[in-house]
Amino acid sequence: EQTGKNAAQLSGGSISAEKVQDKYRQYWSFFHSPKQIETIDKVPAFVDTFYNLVTDIYEWGWGQSFHFSPSIPGKSHRDATRLHEEFAVDLLKVKPGDRVLDAGCGVGGPMRSIASHSGANVVGITINEYQVNRARSHNKKAGLDKLCEVVCGNFLQMPFDDNSFDGAYSIEATCHAPRLEDVYAEIYRVLKPGSLYVSYEWVTTDLYKSEDPTHVEIIQGIERGDALPGLRSYYDIAKIAKKVGFQVLREKDLAKPPSRPWWSRLKMGRIAYWRNHILVTVLAWLGIAPKGVVDVHEMLYHTANYLTKGGETGIFTPMHMILCKKPESTTGHES
Ligand SMILES: C=C(CC[C@@H](C)[C@H]1CC[C@H]2C3=CC[C@H]4[C@H](C)[C@@H](O)CC[C@]4(C)[C@H]3CC[C@]12C)C(C)C
Ligand SMILES: C[S@@+](CC[C@H](N)C(=O)[O-])C[C@H]1O[C@@H](n2cnc3c(N)ncnc32)[C@H](O)[C@@H]1O
């Protein structure tokens with residue numbers, strides 16, 4: 001992580017440099033014609049395009065774990081991130097040698113902490129091929145390629161056998177699914193009976209009021225800057241988990257006090273964003289970084305502001321935790 005991306009290596013993921021700007025326009029066209037985003041089967045391709053555009057900037061400006069965590073006084077962001085990841089796998093009660101699924105693994109930051117902490121074998125899946133290559137290379141560098149495997153695929157139709165995992169987790173990833181029941185049903189299918197699944201969900205909280213235009217603007221800003229087909233309410237998560245057959249063991253918004261704000265890291269970065277903006281603009285002007293990178297960086301800057309407002313107003317959380325169990329006997333679903 002310390003020797004990660006530098007600005008001169010910014011790219012458009014698997015998109016060739018000259019097409020980055022077009023792909024950025026295509027990304028926005030999803031929001032300009034809402035019908036497209038409602039066409040559920042187009043969402044994975046739209047999410048893939050998004051991650052081609054942002055993966056390098058995320059790694060460069062945030063690190064290898066593409067998620068938030070509550071800040072912890074006296075601890076670095078890196079340690080706070082790792083503890084948030086270890087908390088997830090501790091809930092799963094897996095042992096060394098068990099096989100654990102990471103649904104939506106990014107470039108594998110969480111996978112590596114979780115494998116080292118638990119000794120379990122982690123299999124990650126991501127829709128984005130560029131992330132697969134980055135994750136594999138990081139796993140190798142970290143000496144964790146024996147414990148960590150990465151597969152390119154869609155978590156709505158996973159290339160894994162039924163009942164083949166001893167545990168599963170998803171960190172800030174299932175928010176990209178147009179219908180949460182589809183990804184939860186897939187995770188349910190691949191888990192062995194009696195195994196646990198934990199997810200950190202992006203949701204609107206009970207403070208969100210759909211009749212308040214400021215609230216609507218913040219939530220739309222988050223959706224547009226983060227490739228989300230539509231944020232769900234916290235209220236729907238457990239209902240959907242039960243619908244696909246899970247027993248819900250625990251549910252908690254990990255952002256609520258006494259947790260410290262997850263958005264303070266975003267707020268503190270204001271000066272860094274300006275420095276980054278200048279750097280990206282100069283690199284694009286010199287022809288070193290692809291042209292569209294400047295637009296993508298600007299979009300992320302605005303997204304950071306919407307996310308901060310979502311955190312400050314309390315109408316949004318990126319860490320609504322749900323812990324589920326696939327029953328030992330799977331005949332008949334709970335209502
Ligand atoms: C879970 C998801 C991603 C969450 C976060 C990892 C990212 C959300 C917004 C991102 C960022 C915003 C501002 C960028 C800044 C302008 C740039 O200079 C450096 C990178 C940023 C800080 C960037 C880093 C990652 C985020 C915090 C979603 C997609 C479901
Ligand atoms: C915000 S990133 C989080 C990554 C990782 N969990 C982390 O915390 O670093 C969301 C991830 O979900 C993946 N994803 C989104 N939709 C997907 C889909 N339909 N199938 C597989 N992966 C998907 C993205 O490719 C990305 O890797």
Side-chain angles (χ1 to χ4, degrees), residues 5 7 10 13 40-41 43-69 77 81 84-85 88 101-114 122 124-132 134-135 138 150-159 169-179 182-183 186-187 199-202 221-229 231 262-263 265-280 293-294 296-308 310 318-319:
K5 284 265 163 192
L10 291 176
I40 282 171
D41 52 350
V43 172
F46 148 78
V47 171
D48 182 33
T49 300
F50 173 79
Y51 281 106
N52 276 325
L53 295 170
V54 303
T55 295
D56 273 351
I57 303 185
Y58 275 19
E59 261 201 63
W60 170 58
W62 198 255
Q64 293 173 12
S65 291
F66 296 173
H67 63 82
F68 295 104
S69 49
H77 294 312
T81 302
H84 194 55
E85 292 163 352
L101 170 70
D102 180 337
C105 65
V107 299
M111 161 192 283
R112 286 180 287 284
S113 337
I114 282 173
V122 183
I125 185 165
T126 166
I127 193 89
N128 184 260
E129 201 183 340
Y130 182 71
Q131 291 188 338
V132 172
R134 293 294 299 159
H138 291 315
V150 192
V151 173
C152 192
N154 186 349
F155 57 34
L156 305 172
Q157 289 165 315
M158 291 193 278
Y169 65 90
S170 50
I171 300 186
E172 302 188 23
T174 49
C175 49
H176 288 297
R179 281 195 310 239
D182 293 348
V183 55
E186 265 302 84
I187 291 169
S199 186
Y200 293 165
E201 293 291 339
W202 276 36
I222 294 175
E223 289 168 351
R224 289 172 183 208
D226 293 289
L228 304 179
L231 267 172
W262 53 266
W263 61 92
R265 183 175 172 192
L266 277 177
K267 264 186 113 168
M268 273 164 22
R270 288 252 158 87
I271 296 168
Y273 302 156
W274 277 108
R275 179 204 58 206
N276 292 352
H277 175 70
I278 293 166
L279 205 58
V280 162
V293 166
V294 179
V296 178
H297 188 264
E298 197 180 331
M299 171 189 83
L300 291 180
Y301 172 75
H302 293 299
T303 308
N305 287 334
Y306 283 120
L307 285 162
T308 304
M319 50 190 77

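Just so it is clear, the values below take in all heavy atoms, side chains as well, and ignore hydrogens, waters and symmetry mates. Source: prediction; values computed, not measured. As the structure lists them, so they are numbered: ligands from 1, and atoms in each ligand from 1.
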Show me the side-chain donor-acceptor pairs of residues 50-57 shorter than 3.5 Å, one per line, residues at least two apart or across chains.
{"unit_1": "Tyr51", "atom_1": "OH", "unit_2": "His176", "atom_2": "NE2", "d": "2.6"}
{"unit_1": "Asn52", "atom_1": "OD1", "unit_2": "Ser14", "atom_2": "N", "d": "2.9"}
{"unit_1": "Asn52", "atom_1": "OD1", "unit_2": "Ser14", "atom_2": "OG", "d": "3.4"}
{"unit_1": "Asn52", "atom_1": "OD1", "unit_2": "Asn128", "atom_2": "ND2", "d": "3.2"}
{"unit_1": "Thr55", "atom_1": "OG1", "unit_2": "Tyr51", "atom_2": "O", "d": "2.5"}
{"unit_1": "Thr55", "atom_1": "OG1", "unit_2": "Gln131", "atom_2": "NE2", "d": "3.1"}
{"unit_1": "Asp56", "atom_1": "OD1", "unit_2": "Lys5", "atom_2": "NZ", "d": "3.4"}
{"unit_1": "Asp56", "atom_1": "OD1", "unit_2": "Tyr130", "atom_2": "OH", "d": "2.7"}
{"unit_1": "Asp56", "atom_1": "OD2", "unit_2": "Ser11", "atom_2": "N", "d": "2.9"}
{"unit_1": "Asp56", "atom_1": "OD2", "unit_2": "Ser11", "atom_2": "OG", "d": "2.6"}
{"unit_1": "Asp56", "atom_1": "OD2", "unit_2": "Tyr130", "atom_2": "OH", "d": "3.1"}

Which protein residues have a heavy atom under 4.0 Å from ligand 2? Val47, Tyr51, Ser65, Phe66, His67, Gly104, Cys105, Gly106, Pro110, Thr126, Ile127, Gln131, Gly153, Asn154, Phe155, Ile171, Glu172, Ala173, His176
List, for ligand 1, each N/O atom that has a protein N/O partner under 3.5 Å away, with both atom names and the distance.
{"unit_1": "ligand 1", "atom_1": "18 (O)", "unit_2": "Asn276", "atom_2": "ND2", "d": "2.7"}
{"unit_1": "ligand 1", "atom_1": "18 (O)", "unit_2": "His297", "atom_2": "NE2", "d": "2.6"}

Just list the side-chain donor-acceptor pairs under 3.5 Å for residues 104-114, sequence neighbours left out, or say none.
{"unit_1": "Arg112", "atom_1": "NH1", "unit_2": "Val107", "atom_2": "O", "d": "3.1"}
{"unit_1": "Arg112", "atom_1": "NH1", "unit_2": "Gly108", "atom_2": "O", "d": "3.3"}
{"unit_1": "Arg112", "atom_1": "NH1", "unit_2": "Asn139", "atom_2": "OD1", "d": "2.7"}
{"unit_1": "Arg112", "atom_1": "NH2", "unit_2": "Gln64", "atom_2": "OE1", "d": "2.8"}
{"unit_1": "Arg112", "atom_1": "NH2", "unit_2": "Val107", "atom_2": "O", "d": "2.9"}
{"unit_1": "Arg112", "atom_1": "NH2", "unit_2": "Gly108", "atom_2": "O", "d": "3.4"}
{"unit_1": "Ser113", "atom_1": "OG", "unit_2": "Glu85", "atom_2": "OE1", "d": "2.4"}
{"unit_1": "Ser113", "atom_1": "OG", "unit_2": "Gly109", "atom_2": "O", "d": "3.2"}

Closest contact, heavy atoms only, [X] versus [Y]:
| X | Y | value |
| --- | --- | --- |
| Leu231 | Ile222 | CD1-CG2, 4.1 Å |
| Thr174 | Ser199 | OG1-OG, 3.6 Å |
| Ala103 | Ile125 | CA-CG2, 3.9 Å |

Do Tyr301 and Trp274 have side chains that approach each other closer than 4.5 Å (heavy atoms only, starting at C-beta)? yes
Is the His84 to Tyr200 ring centre distance short of 6.0 Å? yes
Aromatic plane relationship, Trp62 with Phe68 - under 30° parallel, 30 to 60° tilted, over 60° perpendicular: perpendicular
Go through the steps for Trp60 and Asn276 under the test side chain to side chain contact (heavy atoms under 4.5 Å, CB included), then give the verdict. CA-CA 10 Å; Trp60 170 58; Asn276 292 352; 3.5 Å; yes
